[in-house]
Amino acid sequence: MEWIETTGTTLDEAKERALDRLGVAEDEMEVEVLVEGSRSMFGLRKTEARLRARVRPTSPRPKVERRDRNRRNGQKGQGRNGQKGRGRNDGQQSGRQSGGQGGKQSGSQAGGRDGGQNGDRKPAEERSEGRSRRGGRGRGGRSSDGNTSGNAAGGRQADEMAAQKAEANETSGRGGREKGSATEPVRENGRGSGRERAEVEAMDLQTQARITEEFVQGLLDKMGLEARVASTIEEDRLTVEAQGLNLGLAIGQRGETVRAITELSRTLVQRSSDGQADGSLTVDIGGYRERRRTFLADFARTQAEAVLEDGHPRALEPMGAADRKVVHDTIAEIDGLSTTSEGSDADRRVVISVSSN
Amino acid sequence: MSAEAPTAEGVLEYLIKSIVEQPDEVRIETSGDERCTFSVTVADGDMGRVIGRRGRVANAIRTIVRAAAVRDETEIDVDFVD
């Protein structure tokens, strides 16, 4: 993904601009501050804040949280992925279950054993470690070969992440991970460094699609709406779309429910993938987004004509980042006009004006 | 006669249980006369997940549950009880 650079009187402003231009939600954006920006005593601007940003290839979350959750996961068993039946698992049962799966999945001979048959009376905590080890192996033993210098915690974390990843992939039903079955156990041998965490394979879009489809379908069922949910994947963009009659309830005023469903879907995917979900995810209900895009582009062009005619800038109604992006992109194709975003948060709107040069 | 909003409650339960780590610990209490208030309790470690950064997850949940409440022909509130 390309980096873009934005400026603003404050970092927040620069960040808002970056969000606009990329058209993504805040947690999908990766930011590097280039210049913090400073103000003189009387609040006069001295230097502008400057940053560069891009759409996150993956969206890592704080590592501490990750580890905690893995541990907890180990205790109560796996089940980040399937909504159904998760509640029924008590720690032991699911621990064993994940042990067996891990073994099968990593294709390693020892895999199923220590979590499953052998380790049947191990405390949950240990079982989760067993799981981690297998996960690391299943991943192709990269961590064992690679880094021997990292600290124990780092290695453990990387392993656990790998384990989760393995789990995620496994539930998706696509084998794919067998390549590993490396011979030496990661825990005894290699301690992955912190850096290595970033190399852990990200959750692929097919898996994300499956998780999201299941979530959205389940939600619409609960809402008493009849819909068919399907996904399309284009390059690194995943769109999960629900089609059906009378889906207005799930669209909401100005698409607020669509956005809320998208938000929760992203949250769910990020959590299922331990923050390592690739690409971008959009949920659409009843073709709302497509209609909105068409409408906005038309509307922006009408406004653009008016601006070109009399030279006065036009401020559009406040919109979300995705909508603003549509306007920016539409106007960018018209010679002699430029766009900026003004206001903050819910009040943020695009202003179309005649280019200054 | 207390208010009821079965669709909204079902949706709320579904959303919360999808998001938490410990779905078994999810409790939803209903109160209110004309307007239904759902009080949601989750396991200690799960509250942050349900609220999300700057309350984004909580707000998304409220938005969807309010939409669902249209089916029940009522209005609802969702409280997350710490």
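Below, chain A is the first sequence line, B the second, and so on; all start at residue 1.
Heavy-atom distances place the side chain of B/R53, and not its backbone, under 4.5 Å from chain A.
We find that B/E75 and B/R66 are not joined by a salt bridge, their nearest charged nitrogen and carboxylate oxygen being 4.0 Å or further apart. Looking at A/D12 and A/K15, no side-chain N of the basic residue comes within less than 4.0 Å of a carboxylate O on the acidic one, giving no salt bridge. Remark: B/D24 does not engage B/K17 in a salt bridge, criterion side-chain N to carboxylate O under 4.0 Å.
Considering only residues two or more places apart in sequence or on other chains, A/Q243 meets the side-chain contact (heavy atoms from CB on, under 4.5 Å) condition with A/R228, A/E241.
The OG atom of A/S265 sits 11.0 Å away from the CD atom of A/E213 when rounded to the nearest 0.5 Å.
Counting only distance, with no hydrogens or angles, the side chain of A/E226 and the backbone of A/G244 share no donor-acceptor pair below 3.5 Å. Here the side chain of B/D77 pairs no donor or acceptor atom with the backbone of B/T37 at under 3.5 angstrom.
For residues 253-264 of chain A, the interface with chain B (any heavy-atom pair closer than 4.5 Å) comprises A/E256, A/T257, A/A260, A/I261, A/E263, A/L264, sorted by residue number.
Ranked by heavy-atom pairs under 4.5 Å with chain A, the first of B/V26, B/I64, B/V11 is B/I64.
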